[in-house]
Amino acid sequence: MQTQPKLVSESLVIEGGVPLRGSVYVSGAKNAALPCMAAALLTASDCYLENVPDIADVESMAQVLQSLGAEVERLSRSSLRINAANIVSLSPPSELVAQQRGSFLVMGALLARFGWAACSPPGGDVIGQRPIEVHLTGLEALGARISRQDEKFVADAKGRGLRGSLLFLDYPSVLGTENLLLAACLARGKSLIVNAACEPEIVCLADMLNKMGANIRGAGTHTIEVEGVAELSGATHRIIPDRIEAGTFAIAAAITGGEIDIFNANPAHLHSLIYKLRETGVQVEESDSMLRVASNGELHSLSVQAVPYPGLATDLQAPVAVLLTQARGVSYVHERVFDNRLLYISELRKMGAEVISTGTTAIITGPTQLVGAHVRALDVRAGAALILAALAARGTSEVSDIYHVDRGYEEIDVKLRRLGATVARIPQPQR
Ligand code: EPU
């Protein structure tokens, strides 16, 4: 893949107040595609990934893999071939690793296959403390020596290899669980990952690894058992639908008083959001791979908590908070996963929202008529939330620094336009 991540400064200019109607096709999940791309490093054979989203984070992960010597070929807009037969480096450049957080997954995969890996701490959104102890402690328990060389962490199991072990996670970290799964499936003997994260993206990764010949049981629960195997082969694997993108469009229907059919979604991954949407008065119909979301604009206030899966996803916390600016009464939104994920509130207040933040809780009084304003996307989900606010607002809004949103949403402006929204992408004006 040749394209650079789209880190150019662009804005979306949105004329609000139009009820969105029609259908939208959800792309593959960013947070499942990234670990599955890392899994391809575990074998010298071809891996084929389908339903891969065409987003900046996938591009930058491709660059990380290419920097190691892997071939990454886009066979179509949504499918990739990855071949890691000729790995030439076990240490990706820090500037590529810094572009996102999934890049740190190369650590577990390289260590498992080659017995050594070095990687600087990963980048990612500014949403609070984002330690990596769970990753490092787990790799150590598998027999790697962890040290620090300049800015990079080094994991060394040369000559000894990894051996299966009890891996207790202090916190059910999503990427931490994925890194340890990648490492444990080529370790000698059995590993038990206790207090594992159980997000659907972990099940997607485990399914791919099992297709490659790994022996993993219990993914999707808090206890995962991995019986190490000597080697893995290639596989073809389909990335699950992006539950956060599906949730964002569900909220777009609700906040504009419209009706949207959301295709290529998995309602089973969205129970917590669907429950909360119904509680606030939104109509949601579900079938196997589709959601129909409709609202007449009359919403009730709510209390919600963003917690690990299967609770309401922290990645939907900001979009839900924006929806609740349109609900009658006082709503409480508690962020329980990250300690600084309410920064978008100051932007939302510029649009007239009545919101106060007490650190990790937003207290929202509604309904408020939001008004168009210039606001900045501060991270991928906060940016999506402000786009939702702009769709509901009276007048014109400009959401700038849209590259944050492009990291995780495939052509959000194009998809919104197809639903009737008035959205234009413009070069960011110099201010
Ligand atoms: N944590 C620890 N110790 C660790 C690691 C994490 O205490 O060693 C804590 C963090 O401080 C945080 C909590 O665990 O409070 C959650 O962090 P986690 O490690 O689970 O997050 P992550 O794996 O770095 C992934 C997603 C995020 C998503 C979170 C939570 C990817 C690439 N990123 O991050 O997605 O918010 O899980 O579900 O999978 C996004 O897509 O916008 C995004 C930020």
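Whatever order the structure lists them in is the order used to number ligands and atoms, beginning at 1. Small disclaimer: the values here were computed from a predicted structure and weren't measured.
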Looking at K30, which atoms of ligand 1 are within less than 4.0 Å of one of its heavy atoms? 40 (C), 41 (O)
Backbone N/O of Y25 and side chain of K415: donor-acceptor pair under 3.5 Å: yes
Subset of ligand 1 atoms that lie under 4.0 Å from at least one heavy atom of V174: 18 (P), 19 (O), 20 (O), 23 (O), 25 (C), 37 (O), 38 (O)
Can T248 and Y409 be said to form a side-chain contact (heavy atoms from CB on, under 4.5 Å), step by step? CA-CA 10 Å; T248 304; Y409 289 83; 2.8 Å; yes
How far is atom 23 (O) of ligand 1 from its nearest protein heavy atom, and which residue and atom is that? L175 N, 2.7 Å
Determine yes or no for a side-chain-to-main-chain donor-acceptor pair under 3.5 angstrom, with D242 supplying the side chain and K30 the backbone. yes
Inter-residue atom distance C119.SG - L68.CG, 0.5 Å rounding: 8.5 Å
Write out the residue and atom name of the closest protein heavy atom to atom 2 (C) of ligand 1, then the distance separating them to 0.1 Å. P131 CG, 3.5 Å
Part of D170 within contact of ligand 1 (heavy atoms, under 4.0 Å): neither
Would you mind checking which non-hydrogen protein atom is closest to atom 32 (C) of ligand 1, with the distance to 0.1 Å? N31 OD1, 3.3 Å
Would one find an N or O of R381, backbone or side chain, under 3.5 Å from an N or O of ligand 1? yes
R77 side chain to D54 backbone, donor-acceptor under 3.5 Å: no
Show your reasoning for whether salt bridge (charged side-chain N to carboxylate O under 4.0 Å, His left out) applies to E227 and R217. CA-CA 9 Å; E227 189 69 55; R217 272 172 303 178; 5.3 Å; no
Please write down residue, atom name and distance for the protein heavy atom closest to atom 43 (C) of ligand 1. D315 OD1, 3.4 Å
Could you find the nearest protein heavy atom to atom 44 (C) of ligand 1 and give me its residue, atom name and distance? R341 NH2, 3.4 Å
For L111 and L182, run side-chain contact (heavy atoms from CB on, under 4.5 Å): C-alpha distance rounded to whole Å, both residues' side-chain angles, the deciding distance at 0.1 Å, then the answer. CA-CA 9 Å; L111 175 68; L182 292 166; over 6 Å; no
Ligand 1 to H135 polar contact by distance, N or O atoms, under 3.5 Å: no
Numbering the atoms of ligand 1 from 1, which are under 4.0 Å from a heavy atom of I132? 8 (O)
Which of the atoms in ligand 1, numbered in the order shown and given with their element, are less than 4.0 Å from a heavy-atom of V134? 3 (N), 4 (C), 8 (O)
So is G408 close enough to ligand 1, meaning a heavy atom under 4.0 angstrom away? no
Checking salt bridge (charged side-chain N to carboxylate O under 4.0 Å, His left out) for the pair E71/R81: CA distance, chi angles, key distance, verdict? CA-CA 8 Å; E71 287 170 26; R81 180 186 66 88; 2.7 Å; yes
Atom indices of ligand 1, in the order listed, that fall short of 4.0 Å to a heavy atom of E133: 8 (O)
H237 side chain to C204 main-chain N or O, any donor-acceptor pair under 3.5 Å? yes
Closest non-hydrogen protein atom to atom 34 (O) of ligand 1, residue and atom name please, with distance? R130 NH2, 3.2 Å
With heavy-atom distances below 4.0 Å as the criterion, list the atoms of ligand 1 near V337. 12 (C), 13 (C), 15 (O), 16 (C)
Are any of the side-chain nitrogens in R341 or D315 under 4.0 Å away from the carboxylate oxygens of its partner? yes
Test of proximity, G176 against ligand 1: N or O pairs below 3.5 Å: no
Contact atoms of ligand 1, heavy-atom distance to V380 under 4.0 Å: 42 (O)
Kindly say whether H334 contributes a backbone atom to a donor-acceptor pair with the side chain of Q305 at under 3.5 angstrom? no
Shortest protein contact, atom 30 (C) of ligand 1 (heavy atom only): T314 CG2, 3.8 Å
Would you indicate which of R101, M61, E201 comes nearest to atom 24 (O) of ligand 1 when only heavy atoms are counted? R101
Closest approach of F249 to I260 (non-hydrogen atoms, all atoms of both residues): O-CD1, 3.6 Å
Is a side-chain donor or acceptor of K211 paired with a backbone partner of S233 at a separation under 3.5 angstrom? no
Considering only non-hydrogen protein atoms, determine which one is nearest to atom 9 (C) of ligand 1 and report residue, atom name and distance to 0.1 Å. Y171 CD2, 3.8 Å
Heavy-atom nearest option to atom 18 (P) of ligand 1, drawn from S173, A32, P122, A33: S173
